[in-house]
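Below, chains carry the letters A, B, ... as their sequence lines are ordered, and counting in each starts from 1.
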Protein chains: 2
Amino acid sequence: MTEDQHGDVSPVDGVLAALADPTRRQLLDLLAELGEVTATTLAEHLPISRQAVVKHLAVLDAAGLVAGRRAGREVLYEVRPAALNATARWMSALASDWDRRLATIKRIAEAAERGAAPPDAESGGS
Amino acid sequence: MTEDQHGDVSPVDGVLAALADPTRRQLLDLLAELGEVTATTLAEHLPISRQAVVKHLAVLDAAGLVAGRRAGREVLYEVRPAALNATARWMSALASDWDRRLATIKRIAEAAERGAAPPDAESGGS
DNA sequence: ATCATGTGCAACTCTGGAGTTGCACATCAA
DNA sequence: TTGATGTGCAACTCCAGAGTTGCACATGAT
């Protein structure tokens with residue numbers, strides 16, 4: 001049973017971890033609003049130090065949610081919708097999967113309630 | 001007029017926090033696979049104690065991702081697709097928003113590159 | 001050249017939460 | 001009743017990471 005049905009090591013992993021932090025989400029909001037700004041600028045809009053912002057940006061960058069480019073002596077960061085979109089799709093697919101399974105289970109339970117012999121739940125793999 | 005467009009205090013918050021933990025995701029996978037089982041059963045399928053599982057289930061329950069019902073002396077847990085679906089939609093909308101903003105910014109930048117006077121970015125409200 | 005501004009690195013503190021163990025309480029079976 | 005199985009609560013350890021400060025290095029302006 002090599003259970004890898006949902007892709008545990010996918011980029012989704014990093015995105016979820018990155019989005020778990022409220023400060024990071026706030027940072028993304030700010031970044032989407034301001035367009036392309038530096039870590040220093042972002043820090044001015046938040047109650048935390050620049051270094052804290054830089055660390056958060058590093059996490060977001062690793063997750064593919066933001067990207068930074070050098071412009072002279074400063075680094076401009078920008079939001080990246082692709083990773084978020086991919087995660088949204090993954091999540092939606094997972095929800096559908098759950099729905100499917102729940103429907104199956106409910107069907108079996110109803111059949112069993114009518115006195116029929118309950119068939120085994122996990123038979124047909126996809 | 002505090003930050004409202006992205007709904008920071010929505011149920012999404014709890015879902016993201018819950019999904020951030022790999023063990024919790026594994027627990028959800030397991031729960032979707034087994035249907036309706038107890039915390040004890042889940043713990044048997046994982047390298048952690050029953051108590052740890054119970055704590056995780058509490059977090060997942062608070063996020064609306066699972067629900068438990070008593071059956072005699074045991075508590076059966078079940079997966080709940082609704083919260084996940086809602087979060088997926090929220091995420092998708094957010095990604096679209098980013099896309100929209102990026103497109104706007106890029107358009108402005110291109111216009112500026114042609115030597116035209118850069119028009120102000122944020123004028124129209126919703 | 002000098003000064004100012006901004007980034008990058010490193011060490012440090014501190015809190016939250018993941019996991020553990022032990023035991024008390026509740027429920028089903030004999 | 002007694003014994004077995006399962007849940008619930010509380011105290012505890014441990015570590016990842018959020019945030020800080022200080023300083024060195026790089027770049028733009030004068």
query = Does the pair E36(A)/R69(A) count as a salt bridge with the N-to-O cut at 4.0 Å?
reply = yes
query = Between R80(A) and D61(A), is there a side-chain N and carboxylate O pair less than 4.0 Å apart?
reply = no
ask   = Roughly how many Å is it from CG in L16(B) to P in dG17(C), rounded to a whole number?
value = 15 Å
remark   = Rounded to whole Å, the CG-P distance (L42(B) to dG19(C)) equals 14 Å
ask   = Can you name the salt bridge (Lys or Arg N to Asp or Glu O under 4.0 Å) partners of R100(B), sequence neighbours left out?
value = D97(B)
ask   = For the atom pair CG (L34(A)) and OG1 (T41(A)), what is the distance rounded to the nearest 0.5 Å?
value = 8.0 Å
query = Between atom CG of L19(A) and atom OG1 of T87(B), what is the distance when rounded to the nearest 0.5 Å?
reply = 10.5 Å
message = Side chains of L42(A) and L57(A), heavy atoms from C-beta outward: is any pair under 4.5 Å?
response = yes
Do any N or O atoms of the protein come closer than 3.5 Å to N or O atoms of nucleotides 15-19 of chain D, and which pairs are they?
| unit_1 | atom_1 | unit_2 | atom_2 | d |
| --- | --- | --- | --- | --- |
| dA18(D) | OP2 | R24(A) | NH1 | 2.7 |
| dA18(D) | O5' | D21(A) | OD2 | 3.4 |
| dG19(D) | OP1 | T23(A) | OG1 | 3.4 |
| dG19(D) | OP2 | H56(A) | NE2 | 2.3 |
| dG19(D) | N7 | K55(A) | NZ | 3.1 |
| dG19(D) | O6 | K55(A) | NZ | 2.6 |

note = Looking only at heavy atoms, the pair that brings A39(B) and V53(B) closest together is O-CG1, 3.8 Å
Flag, side chain of R24(A) to backbone of V59(A), donor-acceptor distance under 3.5 Å = no
Set out, line by line, the N/O atom pairs under 3.5 Å between protein and nucleotides 23-28 of chain D.
| unit_1 | atom_1 | unit_2 | atom_2 | d |
| --- | --- | --- | --- | --- |
| dT27(D) | O2 | R73(A) | NH1 | 2.9 |

